[in-house]
Structure formats: structure tokens, C-alpha cells
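Note that these values count all heavy atoms, side chains included, but never hydrogens, waters or copies made by symmetry.
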Amino acid sequence: MFDKKVTESYNIAKERYASIGVDTEKVLKQMQDFHLSMHCWQADDVTGFEPHDGGLTGGIQCNGNYPGAARNVDELRQDVLYAMSLIPGKHRLNLHEIYGEFNGKFVDRDEVTVEHFQGWIDWGLQNDIKLDFNSTSFSHPKSGDLSLANPDPEIRKFWIEHSRRCREIANAMGEAQQDPCIMNTWVHDGSKDITVNRYMYRKLLKESLDQIFEKPYKWMKDSVESKVFGIGLESYTAGSNDFYTAYATRRDMMITLDTGHFHPTESVADKVSSMLLFVPELMLHVSRPIRWDSDHVTIMDDSTLDLFSEIVRAGGLDRVHYGLDYFDGTLNRIGAYVIGSRAAQKCMIRALLEPTEMLRKYELEGKYFQRLAFLEECKNMPWNAVYDEFCLRNNVPVGESYIPMVEKYESEVTSRR
């Protein structure tokens, strides 16, 4: 009976959208091709599986100690698969290097090989889940405040070799899944207080990156990510937005836009059209920065809606990749996956359901009243009925019905860890 009502509501919405020139069936098809790259680090608060007792360092932190975090590879995979079962569509998994299978042995980061991720490659193939990858410069004895921009050539050599090996691993992942693996490079390098050697650090960072990206690969794509500052590194960041915009443009490579890595009043949505004119593709890391890079669970807030709307309006659907990047240890981690993933999908379906061509025409004709009126009325259109139908067609819970399923999983699985 409930399924029938969902479809009845969708059919009404279908007619309503058709009246303004929007084909909801086309939108549902587009949503099937909207693949999130879900971040593995939400499941364990960015701890990873290296055999060490150290906490998070390198300008990041995770708050909260909600019970049930994944303690090993098997638990993390179990949690990811269950979360994915509650999210419509087919999605990727984004791994950091610290999530390799080291089997309790110490493998330093400049020694990591494909072997340590073969289990992930096999798991991805078995479950039809494509993988993306990240180098990991934080939470290591050689991290300090500077890694790739460190004046010490031995420290730089260590992190250059780490990054090179990560690219090789990413390429192996991409070849196995016959789809390029996106590898993101982000380093925390910066300073807590006044810095007088800004140029030198950035010059060293550029030289390190040049060495890292020297070898071309067929089955991986490189992306570089900026940040305003890190915790404990508030005064200066070598890899700023200006630095990486110039670097990626010069090398014709992808840029990662993390929605938490800019000033709170800065619009990440506004960057999309500028970036797409000069770089081949964009990678998104979508989070909710309540107070700068606080990495709260993504919701349907204005900034995320604006971001996805701009991607559609700029015609960038085939040039943008969608990753999630938040880690909240204060609430059920499976629930956090589901809330954030479904929120990103809702923002995208809202954007796809906009009568973009009509709005463009009004704007070019100077009909600003009509443009604004339709933008306001679109907020009141039955987009939620279309999303419910999307869930129904993918055999996942509709609406709030996933909540008791997450509670049941907590009761039977995560609470017993």
C-alpha cells in the first residue's frame, strides 16, 4: 500500500513538472548515473589501520566517542556495505592510504605497495564498487607542520616517495576496475604563527609535486586540494587555493573543491564556472562547515543546494566527481553515511528538476521578474515525490523508514563491538 502511494505521488509530480517542461523520467535516469564517492573514514573517525597508538595530527581532528566505530578492515567493509544498502543508486568508495591491510605489521608510508590494497581491489570487484584513493600526510611521526614543503630534503624525499607509491596503487585500482581511480593529493603544510618564508615553502611544494606527478598513468586521475588553514596551522598554508589553482591550470589537471576548506562566507558554488573554464574536471569533497572546516554531516543546506545547482547550470555533469568528506564521532556513524549521502542526492535531484532552459531564456531576455518567480516556485515543487520514487525503484527505504533499520544494525552489530 505504501509503495502504491509513493508511485501515485510521483505520477502527480511527473505531471506537475511536465507543465514547466521538465521530464522527470529523464531526471531519474540521470540520477542512476550520479555516483557518490563515499569516504571510508567516517566509519572509524579517520583512525586507519596502521599499527600505532597516535591520535590525529596535521591540522585535523574528529570529535566524539559514539560507540561502535569500525576497528578493522572487515568491520569497516561491513559498515560501508550496510550503509550503501540504504542509499539509492550505485556508489564508489574513497580510501585513504592508512586503510591498507597491514596485518599488524609496521609498513612505513614510503614502503606501501599495491599488495597492501589487493584485498580492497578484490572486495571492490566482488561487490561491484569502484575505488578512489588519497595519499595520507597527517598522523605520522614525520608529518610535523611540513611534509612536501619541508626544508629538510630527507623529509621531502619520504613524502614524495609515499605519494608516488600511492599513485601506483591508484593506477592498479583503476586498471582492475577498468575505470580510472581518482587520487587526491592534500597535504596540511603550514604554520601556526607569522611566516617569513612563504615563497620558499611554496617553491619546495611545487618542486615536490613536480616529482610526484612526473610519471603518467593510464588508469588513474590526479587531483590536488587546497585549504585555508588547519588546526594548529592557522597563519599560513602552503597549498592555498591560489597555489593549487595556478598549479592545476598549468598542468591541466583536476582540482578538488572541499566545501569546508574556504572562508565561511565564501561561495564554493561560484567557483564551479570559473574552474571548469580552465581545468578538465573537478572533484568535490562535500561536508557541512558550521564553523569553517568542522566536517559536520552533509544536509540539504543552501550552500550544498547552490553547489549542485551551479554544476547543472554550468553543464558540468560529465566533468564533476562527487565525494563526501565529513567525520563525526558524536552520532551513529552508519546513520551519518546515510543522511549525508541522501542529502547530496536530494540536492542533485532538486538541481536536475529545475527548468534550466526556461530560466536561461528569461535571463537573456531581461525577464528578471519571471526568472526570480520561477526560482522561488521551484522550491515548492514536489521534488521530494521524485526522490521517493528514485528510492522505491532502487529497492531502498523510502523517507524516514531507514531510521529503524539503522537502529537495528546498531543493536545487533555496532553496539557489540
Asks: Would you call K221 and P180 a side-chain contact if the rule is heavy atoms closer than 4.5 Å?
Replies: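 Yes. Closest side-chain heavy atoms under 4.5 Å.
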Asks: Which one of Y337, Y322, Y99, F133 satisfies the ring-ring contact (aromatic ring centres under 6.0 Å, His included) criterion with H39?
Replies: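 Of the listed options, the one satisfying the test is Y337.
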Asks: Compare every heavy atom of G230 with every heavy atom of T237, then report the nearest pair and how far apart it is.
Replies: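 Reported closest heavy-atom pair: OG1-N, 4.3 Å.
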Asks: Listed by chain and number, what are the ring-ring contact (aromatic ring centres under 6.0 Å, His included) partners of F102, not counting sequence neighbours?
Replies: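 So F102 forms a ring-ring contact (aromatic ring centres under 6.0 Å, His included) with H116.
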Asks: What do the steps show when you test R360 against E363 for salt bridge (Lys or Arg N to Asp or Glu O under 4.0 Å), and what is the final call?
Replies: CA-CA 5 Å; R360 286 174 178 159; E363 185 169 308; over 6 Å; no
Asks: Identify whether the distance between the nearest side-chain nitrogen and carboxylate oxygen of R333 and D45 falls below 4.0 Å.
Replies: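 Here R333 pairs with D45 in a salt bridge, since their nearest N and O are under 4.0 Å apart.
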Asks: Around atom CG of D33, are there more than 12 heavy atoms of other residues, nucleotides or ligands at under 6.0 Å?
Replies: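 Check passes, neighbour count above 12.
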Asks: Using the test ring-ring contact (aromatic ring centres under 6.0 Å, His included), find all partners of H96 that sit at least two apart in sequence or belong to another chain.
Replies: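 Testing H96 for ring-ring contact (aromatic ring centres under 6.0 Å, His included), a comparison that skips the adjacent residues, returns W41, F138.
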Asks: Test: salt bridge (Lys or Arg N to Asp or Glu O under 4.0 Å). Region: residues 391-409. Which pairs qualify, not counting sequence neighbours?
Replies: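 Of all non-adjacent pairs touching residues 391-409, those that pass salt bridge (Lys or Arg N to Asp or Glu O under 4.0 Å) are E25-R393, E389-R393, K408-E412.
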Asks: Answer yes or no: are there more than 12 heavy-atom neighbours, outside Q178 itself, under 6.0 Å from its atom CD?
Replies: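 Counting other residues, nucleotides and ligands, CD of Q178 exceeds 12 neighbours.
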Asks: Scan for ring pair (Phe, Tyr, Trp, His ring centres under 6.0 Å) pairs involving residues 71-91, sequence neighbours excluded, and state none if there are none.
Replies: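 Only Y82-Y409 qualify under ring pair (Phe, Tyr, Trp, His ring centres under 6.0 Å).
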Asks: List the residues meeting salt bridge (Lys or Arg N to Asp or Glu O under 4.0 Å) with K367, not counting sequence neighbours, and say none if there are none.
Replies: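 Partners of K367 by the salt bridge (Lys or Arg N to Asp or Glu O under 4.0 Å) criterion, ordered by chain and then number, come out as E365.
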Asks: Please indicate whether E207 has more than 12 foreign heavy atoms, meaning atoms of other residues, nucleotides or ligands, lying under 6.0 Å from its CD.
Replies: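 Yes, because the 6.0 Å sphere around CD of E207 holds more than 12 heavy atoms from other groups.
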Asks: Quick one: salt bridge (Lys or Arg N to Asp or Glu O under 4.0 Å) pairs with a partner in residues 119-139, sequence neighbours left out?
Replies: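 Matches after skipping sequence neighbours: R92-D132.
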Asks: Given salt bridge (Lys or Arg N to Asp or Glu O under 4.0 Å), test K105 with E115 step by step and report yes or no.
Replies: CA-CA 13 Å; K105 299 178 182 178; E115 172 191 355; over 6 Å; no
Asks: For R417, is there an ion pair with D79 - N to carboxylate O distance below 4.0 angstrom?
Replies: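 Salt bridge between D79 and R417, a charged N being under 4.0 Å from a carboxylate O: yes.
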Asks: Name the orientation class of the two ring planes belonging to W292 and H261 (parallel below 30°, tilted from 30 to 60°, perpendicular beyond 60°).
Replies: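 If you compare the ring of W292 with that of H261, the planes turn out parallel.
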Asks: Under a 3.5 Å distance rule, please check whether T47 uses its side chain to pair with a backbone N or O of D44 as donor and acceptor.
Replies: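 The answer is yes, because a donor-acceptor pair under 3.5 Å joins these two groups.
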Asks: Output every pair passing salt bridge (Lys or Arg N to Asp or Glu O under 4.0 Å) with a member in residues 228-240, not counting sequence neighbours, ordered by first then second residue.
Replies: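 Every pair satisfying salt bridge (Lys or Arg N to Asp or Glu O under 4.0 Å) with a residue in residues 228-240: K192-E234.
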Asks: Under the 6.0 Å and 45° cation-pi test, does R16 pair with W383?
Replies: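 Verdict for W383: no cation-pi partner in R16.
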Asks: I would like to know whether E281 and R319 meet salt bridge (Lys or Arg N to Asp or Glu O under 4.0 Å); could you show each step before the answer?
Replies: CA-CA 5 Å; E281 296 174 278; R319 296 173 59 198; over 6 Å; no
Asks: Taking the side chain as everything from C-beta on, heavy atoms only, tell me whether L353 gets closer than 4.5 Å to T24.
Replies: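 With C-beta onward as the side chain, the pair touches.
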Asks: Main chain of S287, side chain of D325: is a donor-acceptor contact present, judged purely on distance under 3.5 Å?
Replies: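 A pair under 3.5 Å: no.
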Asks: Would W159 and H140 count as a side chain to side chain contact (heavy atoms under 4.5 Å, CB included) here? Give the steps.
Replies: CA-CA 11 Å; W159 291 112; H140 186 277; 3.9 Å; yes
Asks: Just jot down the salt bridge (Lys or Arg N to Asp or Glu O under 4.0 Å) partners of D110, sequence neighbours excluded, or say none.
Replies: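 For D110, no residue satisfies salt bridge (Lys or Arg N to Asp or Glu O under 4.0 Å) once neighbours in sequence are set aside.
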Asks: List the residues meeting salt bridge (Lys or Arg N to Asp or Glu O under 4.0 Å) with E377, not counting sequence neighbours, and say none if there are none.
Replies: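 Counting only residues at least two positions away or on another chain, E377 forms no salt bridge (Lys or Arg N to Asp or Glu O under 4.0 Å).
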Asks: Does the plane of the ring in F213 sit parallel, tilted or perpendicular to the ring in Y247? Use 30° and 60° as the thresholds.
Replies: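 Ring orientation, 0 to 90° scale: tilted.
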Asks: Between H35 and K90 (side chain of the first, backbone of the second, donor and acceptor by atom type, cut-off under 3.5 Å), is there such a pair?
Replies: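 Yes, the answer is positive, given that a donor and an acceptor are paired below the 3.5 Å cut-off.
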Asks: If you measure from the Lys or Arg side-chain nitrogens to the Asp or Glu carboxylate oxygens, is any gap between D258 and K227 under 4.0 Å?
Replies: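 Salt bridge: no.
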Asks: Assess whether atom CZ of R164 is packed by more than 12 heavy atoms of other residues, nucleotides or ligands within 6.0 Å.
Replies: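 Yes - once you tally the heavy atoms of other residues, nucleotides and ligands closer than 6.0 Å, there are more than 12.
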Asks: Less than 3.5 Å apart, which donor and acceptor atoms pair up between the side chains of residues 310-318 and the rest of the protein, not counting sequence neighbours?
Replies:
residue: R313; atom: NE; partner: E354; partner atom: OE1; Å: 2.9
residue: R313; atom: NH2; partner: E354; partner atom: OE2; Å: 2.7

Asks: Output every pair passing salt bridge (Lys or Arg N to Asp or Glu O under 4.0 Å) with a member in residues 165-174, not counting sequence neighbours, ordered by first then second residue.
Replies: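 Those involving residues 165-174 are E161-R165, R167-D222.
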Asks: Give the intermediate values and the outcome of side chain to side chain contact (heavy atoms under 4.5 Å, CB included) for residues D210 and R251.
Replies: CA-CA 10 Å; D210 288 344; R251 295 191 70 103; 3.2 Å; yes
Asks: Check L307, T259, T256, V272 against L284 for a side chain to side chain contact (heavy atoms under 4.5 Å, CB included) and give me the one that passes.
Replies: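 In the set L307, T259, T256, V272, the residue that makes a side chain to side chain contact (heavy atoms under 4.5 Å, CB included) with L284 is L307.
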Asks: Is the backbone N or O of L95 less than 3.5 Å from a side-chain atom of W120, with the two atoms forming a donor-acceptor pair by type?
Replies: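 No, the answer is negative, given that no donor and acceptor are paired below the 3.5 Å cut-off.
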Asks: Verify, without hydrogens or angle tests, whether D306 (side chain) and A269 (backbone) share a donor-acceptor contact under 3.5 angstrom.
Replies: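 No; zero donor-acceptor contacts below 3.5 Å.
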Asks: At their closest point, which heavy atom of M283 faces which heavy atom of I182, and how far apart are they?
Replies: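 Minimum heavy-atom contact is SD-CD1, 4.0 Å.
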Asks: Do the side-chain N and O atoms of Y326 and S294 include a donor-acceptor pair separated by under 3.5 angstrom?
Replies: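 No, because no side-chain N or O of Y326 sits under 3.5 Å from a partner of the opposite role on S294.
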Asks: Return the set of residues passing side chain to side chain contact (heavy atoms under 4.5 Å, CB included) with S208 (not counting sequence neighbours), or none when no residue passes.
Replies: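 Scan of S208 (side chain to side chain contact (heavy atoms under 4.5 Å, CB included), adjacent residues dropped) gives L148, R156, I160.
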